[in-house]
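A short write-up of the structure that comes next.
Because only heavy atoms are used, hydrogens play no part in the values below, and waters and symmetry mates are left out as well, while side chains stay in. A note on names: the letters A, B, ... follow the listed sequences, proteins ahead of strands, and every chain is numbered from 1.
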Amino acid sequence: MADLSVQIKNLVFRNPVTLASGTCGFGEEMTPFINPDLLGGLFVKGLTIRNREGNPYPRMAETASGMLNAIGLQNKGVDYFIQDILPRIRHYQTHIIPNINGSTVKEYIQVAEKLADLDRIPAIELNISCPNVKAGGMEFGITCPSAFAVTEAIRKVYPKVLIVKLSPNVTHITEIAKAVEDAGADAVSLINTLLGMAINADTRKPVLSTVTGGLSGPAIKPVALRMVWQVYRSVGIPVIGIGGIMNALDAIEFMLAGASVVQVGTASFIDPTVSLKVIQGIEDYLNIHHISRLRDLTGGLITD
Amino acid sequence: MADLSVQIKNLVFRNPVTLASGTCGFGEEMTPFINPDLLGGLFVKGLTIRNREGNPYPRMAETASGMLNAIGLQNKGVDYFIQDILPRIRHYQTHIIPNINGSTVKEYIQVAEKLADLDRIPAIELNISCPNVKAGGMEFGITCPSAFAVTEAIRKVYPKVLIVKLSPNVTHITEIAKAVEDAGADAVSLINTLLGMAINADTRKPVLSTVTGGLSGPAIKPVALRMVWQVYRSVGIPVIGIGGIMNALDAIEFMLAGASVVQVGTASFIDPTVSLKVIQGIEDYLNIHHISRLRDLTGGLITD
Amino acid sequence: MANKVVAQLIVQEITPLAADHFLMRFHSDTGLLPVDAGNFAQLATGDPPAVFLRRPFSIFDADTALSMITFYIKVVGKGTAQLTGQKPGTRLTGLYPLGNSFTIPTNARNALIIAGGSGVAPFLLLSRKLKKQGTHVTFLIGAKNREELVLTDVFQEYGDVETSTEDGSEGFKGLVTEHPILSRKGQLFDQVYSCGPVPMMKAVSRWALKNDIPCELSLENTMACGYGVCLSCVTGTTEGNRCVCTEGPVFNHKLLTWQT
Amino acid sequence: MANKVVAQLIVQEITPLAADHFLMRFHSDTGLLPVDAGNFAQLATGDPPAVFLRRPFSIFDADTALSMITFYIKVVGKGTAQLTGQKPGTRLTGLYPLGNSFTIPTNARNALIIAGGSGVAPFLLLSRKLKKQGTHVTFLIGAKNREELVLTDVFQEYGDVETSTEDGSEGFKGLVTEHPILSRKGQLFDQVYSCGPVPMMKAVSRWALKNDIPCELSLENTMACGYGVCLSCVTGTTEGNRCVCTEGPVFNHKLLTWQT
Ligand SMILES: Cc1cc2nc3c(=O)[nH]c(=O)nc-3n(C[C@H](O)[C@H](O)[C@H](O)COP(=O)(O)OP(=O)(O)OC[C@H]3O[C@@H](n4cnc5c(N)ncnc54)[C@H](O)[C@@H]3O)c2cc1C
Ligand SMILES: Cc1cc2nc3c(=O)[nH]c(=O)nc-3n(C[C@H](O)[C@H](O)[C@H](O)COP(=O)(O)OP(=O)(O)OC[C@H]3O[C@@H](n4cnc5c(N)ncnc54)[C@H](O)[C@@H]3O)c2cc1C
Ligand SMILES: Cc1cc2nc3c(=O)[nH]c(=O)nc-3n(C[C@H](O)[C@H](O)[C@H](O)COP(=O)(O)O)c2cc1C
Ligand SMILES: Cc1cc2nc3c(=O)[nH]c(=O)nc-3n(C[C@H](O)[C@H](O)[C@H](O)COP(=O)(O)O)c2cc1C
Ligand code: FES
Ligand code: FES
């Protein structure tokens, strides 16, 4: 049987298929449908230092082959996660990776510090790309100095695997990636959502309460693939590929473009079991193509 | 009957529905299907100073609700357009607006100068956003100084209506828009294609000969709407909305977001008569909503 | 957590009730999970679907023994148009059973169910339960006109049916919430349930508050996932934002802050 | 320019020829435009389509009097799978007639048609014309195996049919371009036509060059529009890039630089 394991720094994933933050809750919501132990990892819902109610309803707009969301990081705060949620999910035989957020560098640090010593948390994903919050969020991720600064600050307080999640809403994604690499990130994950908007022509109003929101789903896959490929060739750290993955071939494409690990996001809304199908499909692909180790595919795009 | 006319500077369009550059040839290719006289205008295929063969095949990749192209501005040069094509299309009772391109500011100037005195050409669209050429193209459109410089240079030699077409592949679209407004543009058109990529998992090769290409179609509409809305609120000149318009409601959405004129692009590939349906649908919308002048809709998004 | 599945559902019969109103019965060849009154399903509208996301519909009727499940669907857009245009034999997938269910006080003697538009959908399963435990049910069903006043015959088997139409073509002329039954017999009801347009449910809630009658509302917020992971579907409650898909769709009206 | 339309086509009959090979006949209730041998259509594969763009298919047969048009379709992906899965009665749209057509030298006495895989599609209309003017036609049809060697009976009505299969299950064993007919009778043909995989057509072109026989190839480049506006479908020619959808799909082989 083909070897599906992949590695980021010292962290081994049994397979490269993980669930994207904000699209799998804390894993519990998935258990009526799938066994989370079969996944490479769970990037759980974005956490902040304090409880956040998120943005007012409506927060979602369907688009062609995609959707906009403006959740605004609704969560009960990192302490609630540690005290109430983690005990319920800590037995999952998969990596639980929190996605951390803040409106100031200080808030990011506070969240990271609280997660640093937890034995079941081997890594964090630093989200500097949320387009749906007024303060912080994407602002950190769209200039090199701010991306560098927040990554460096977290690096100082967080010794385990540090993944930085990049915003696609920038002119030069590779420069941001290099900045966070220089600041000590162990990996980059991309892409977060593209900033978009939906209008109801009949009411003449924006569909979202926040007017703009983040676009996800297959619509953005071509942009995501391009950015993964560009970043893979510009940095020395592993890349986690995200954006519109709906099936195994999509995941393979991201790996060929340079991803070591992939995250399945919006696809789970339509089929909560899709991540397991992606794993199975990757296995089938490897068998058909006589590839014994999946990780050999990473960056294997043939260009001449 | 509702008044569908819209205006950019001194140029009156009988209706706001035009065809996007690179998606309607020189209008002639459309005539087996539609009467171009019924359109608001024709943005004809991108011109350069000399003949260009464009990029090697394959130049197109289908994606979810969209497509990537890497045509690379194939055209026979501006002189051929003036001598061979224009005489054949000059009788169309609609505005013929060439889309001009160059690898250097000098080339842009040369093309603009040749078009400046032609009586049937009331405007040009300065394309500083083509992602599919090695030199020039998008490079001009992704920084404020270069966008300013090329626009200013053309403004000096081109007295008629000057429309500048913006690239969406930037962090701050409003800053680029303001730069070209400051440099003397009479209008901005947006968006050109998003830079993307497609991979064939079976062959492990990029689908496009150029690896990356420009994403168009309904997939990009949310991003386009957002940018039109942002730019409309930042500049004083009219905005031309482009990106994934497939039907009349899409066009109305762009107008609510701030567009005075819209361009239909990729949709024509699937239905070459779609632009006429958009015009009819806009008329129906105005009647249903008891709006007598279409131009009153521009920027009419209700936010509170 | 309770089991939920991505079920294969085979279209068995589509019964038009009025223009744009349909009952759609599906059969499952792998068996049905038990469902509760108030539960809903997230259906794919076709293969390929005309819309990106699934569409939520209350479970109108279900027979686990016969592996049949029925939805009442009103066509309002692309997804419902595609779904109701399917042919018998077509296989679609559906996530179910989703959401919570109505509470049924065992001591309730007189229940009032107020439904507007497609809001009747969740109430067949509920009234069957109510009838079984001996609660008397009064239905107050409102619609635009006589044509759109559907399924009243079905509900008649479970209690008294009062109707209203906006154009007066049947029953009381006016909004369902202005129906005289509400002023005449208000004090007789000891439980109210409602589903329909938000303004209607707000009026029902005010009426129930005033008359101090326990009231449950079934909300229809737009949804992406339907099982609690995307947080799209929230409604404001006195305890903060709550997901309509997992903590609802049924809410005690006192909990809602009606931000939507 | 010649008229082209977005036609309403009603699926009339789908005839399976082999696994994944179908003849698909459509009827038009608004009349058909005249079509020429070599023309193609851009078909929607369903409503809603499973793929974003239309799909190009050669016109296999057409009867303007009866308003019928037939395509030969091989399933290779999502679009062809959806299209061939449609039911009779389904309405689809198609842009047609698109592209140029084969030239038919009036003095041609012996024509050779070499087709591989789904490359037989454009040749029924052509051979009908050739037969009519008295040109003798030899068909050389290659496929993977006997199963996939379809429609040979249809072509037999218009000339001699020679076959080859890669696995030798019928006719000559090997590639179609290695068929002995090409070495035996090369000098007898005064016109060659070919359609099929690019490597096959390259070999045909080399053979025709060597034997100095006029040769036309029908290309199948991927297309977005199909009517000349997108410039996706170009092939390199001695006169620069040319659109396969308007200046082709049929090209004199000497014009091609075979960059694709
Ligand atoms: C828990 C739940 C149970 C439901 N049960 C039923 C049922 O049993 N029968 C039934 O017919 N419908 C029911 N609905 C509503 C149904 O889901 C929508 O009508 C359907 O999703 C519309 O899909 P569409 O593609 O046809 O319309 P779209 O094209 O998506 O929308 C058409 C129009 O309706 C509006 N719209 C769509 N969905 C909603 C919504 N949820 N709230 C407010 N406006 C909306 C849109 O803004 C648009 O203007 C239920 C909804 C929920 C959340
Ligand atoms: C002018 C013309 C005439 C044609 N006539 C016929 C015909 O009569 N009968 C017939 O069966 N087919 C014909 N084809 C080919 C047919 O258009 C494709 O097989 C079809 O578009 C595939 O669609 P799909 O969605 O099923 O496959 P996709 O899912 O789009 O593709 C499946 C696989 O096939 C490859 N592929 C798809 N299209 C092409 C192509 N054009 N060239 C090379 N590789 C491709 C893809 O890269 C992919 O690997 C013709 C093509 C052209 C351009
Ligand atoms: C409803 C929703 C909520 C999301 N919440 C978060 C979040 O809390 N933190 C984060 O980093 N990304 C969040 N994302 C972004 C996803 O993790 C992912 O980057 C994006 O959706 C693109 O992947 P996809 O196309 O596969 O969904 C969210 C996305 C969606 C759709
Ligand atoms: C095949 C193709 C060729 C294009 N060529 C040009 C071009 O020459 N000049 C230009 O400014 N834009 C060009 N564009 C971009 C379109 O004009 C338009 O900005 C873009 O496609 C988005 O609109 P749409 O989604 O409606 O297609 C091209 C787009 C396509 C799909
Ligand atoms: S619809 Fe996703 S959480 Fe309710
Ligand atoms: S397919 Fe568009 S030009 Fe040929």
Side-chain angles (χ1 to χ4, degrees), chain A residues 19-34 44-46 51-76 88 132 202 207-209 213 216-219 244 246 265-274 276-277, chain C residues 1-8 33 42-45 47-56 76-79 93-99 198 219-248 256-260:
Chain A
L19 299 184
S21 180
T23 69
C24 62
F26 294 96
E28 297 178 289
E29 299 84 345
M30 306 303 297
T31 58
F33 298 104
I34 62 169
V44 297
K45 177 66 192 164
N51 176 66
R52 277 181 67 95
E53 287 298 323
N55 294 316
Y57 177 87
R59 302 172 167 191
M60 191 275 292
E62 190 180 43
T63 66
S65 296
M67 58 174 272
L68 291 162
N69 88 79
I71 308 307
L73 292 173
Q74 177 179 334
N75 79 104
K76 294 193 170 148
R88 296 200 304 260
N132 296 322
D202 281 319
V207 179
L208 300 173
S209 69
S216 64
M246 298 294 281
T266 303
S268 295
F269 301 165
I270 295 164
D271 180 359
T273 68
V274 70
L276 302 188
K277 293 176 188 163
Chain C
M1 289 210 178
N3 218 26
K4 301 173 184 174
V5 288
V6 189
Q8 292 280 335
L33 295 179
Q42 278 271 64
L43 300 182
T45 58
D47 182 15
V51 291
F52 180 63
L53 297 167
R54 289 176 185 274
R55 291 293 186 265
V76 299
K78 264 193 178 182
T93 61
L95 314 186
Y96 88 102
L98 305 175
V198 169
L219 305 192
E220 298 198 342
N221 286 13
T222 49
M223 296 182 172
C225 71
Y227 59 93
V229 294
C230 76
L231 308 185
S232 298
C233 61
V234 291
T235 187
T237 75
T238 53
E239 292 157 12
N241 280 330
R242 289 293 184 84
C243 282
V244 170
C245 70
T246 48
E247 303 179 75
L256 299 174
T257 54
W258 287 109
Q259 73 178 85
T260 57

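With sequence neighbours left out, the ring-ring contact (aromatic ring centres under 6.0 Å, His included) criterion links C:Y96 to no other residue.
Contacts with chain C were tallied for A:S65, A:G22, A:G25, A:P218; A:S65 has the most, counting heavy-atom pairs under 4.5 Å. Considering only heavy-atom pairs separated by less than 4.5 Å from chain C, the leading option among A:I71, A:T273, A:T63 is A:I71.
The backbone N or O of C:L231 sits less than 3.5 Å from a side-chain atom of A:R59, completing a donor-acceptor pair. Checked by atom type and distance alone, the side chain of C:R54 pairs as donor or acceptor with a backbone atom of A:I270 at under 3.5 Å. Put simply, the side chain of A:E53 never gets that close to the backbone of C:G240: no donor and acceptor are under 3.5 Å apart.
Interface residue A:S268: backbone and side-chain heavy atoms are both found under 4.5 Å from chain C. Heavy atoms closer than 4.5 Å to chain A are found in both the backbone and the side chain of C:L53. Proximity to chain A (any heavy atom under 4.5 Å) is shown, for C:V6, by both the backbone and the side chain.
The distance from atom CG of A:D271 to atom CD of C:Q42, rounded to the nearest 0.5 Å, is 12.0 Å. Within the model, atoms CE of C:M223 and CD of A:E62 stand 14.0 Å from one another, a figure rounded to the nearest 0.5 Å. Interatomic distance, SG of C:C225 versus CE of A:M30, reported as 8.5 Å (0.5 Å rounding).
Shortest non-hydrogen contact noted between C:A224 and A:M60 is N-CE, 3.7 Å.
For the pair C:Y227 and A:P32, the minimum side-chain heavy-atom distance is 4.5 Å or more. C:C230 is not listed as a side-chain neighbour of A:N69, based on a closest heavy-atom distance of 4.5 Å or more.
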For C:V244 and A:Y57, what are the C-alpha separation, side-chain angles and deciding distance, and is it a side chain to side chain contact (heavy atoms under 4.5 Å, CB included)?
-> CA-CA 11 Å; C:V244 170; A:Y57 177 87; over 6 Å; no

Is there a side chain to side chain contact (heavy atoms under 4.5 Å, CB included) between C:T246 and A:E29 once you walk through the steps?
-> CA-CA 9 Å; C:T246 48; A:E29 299 84 345; 5.9 Å; no

Take C:V229 and A:F269, measure what side chain to side chain contact (heavy atoms under 4.5 Å, CB included) needs, and give me the verdict at the end.
-> CA-CA 8 Å; C:V229 294; A:F269 301 165; 3.7 Å; yes

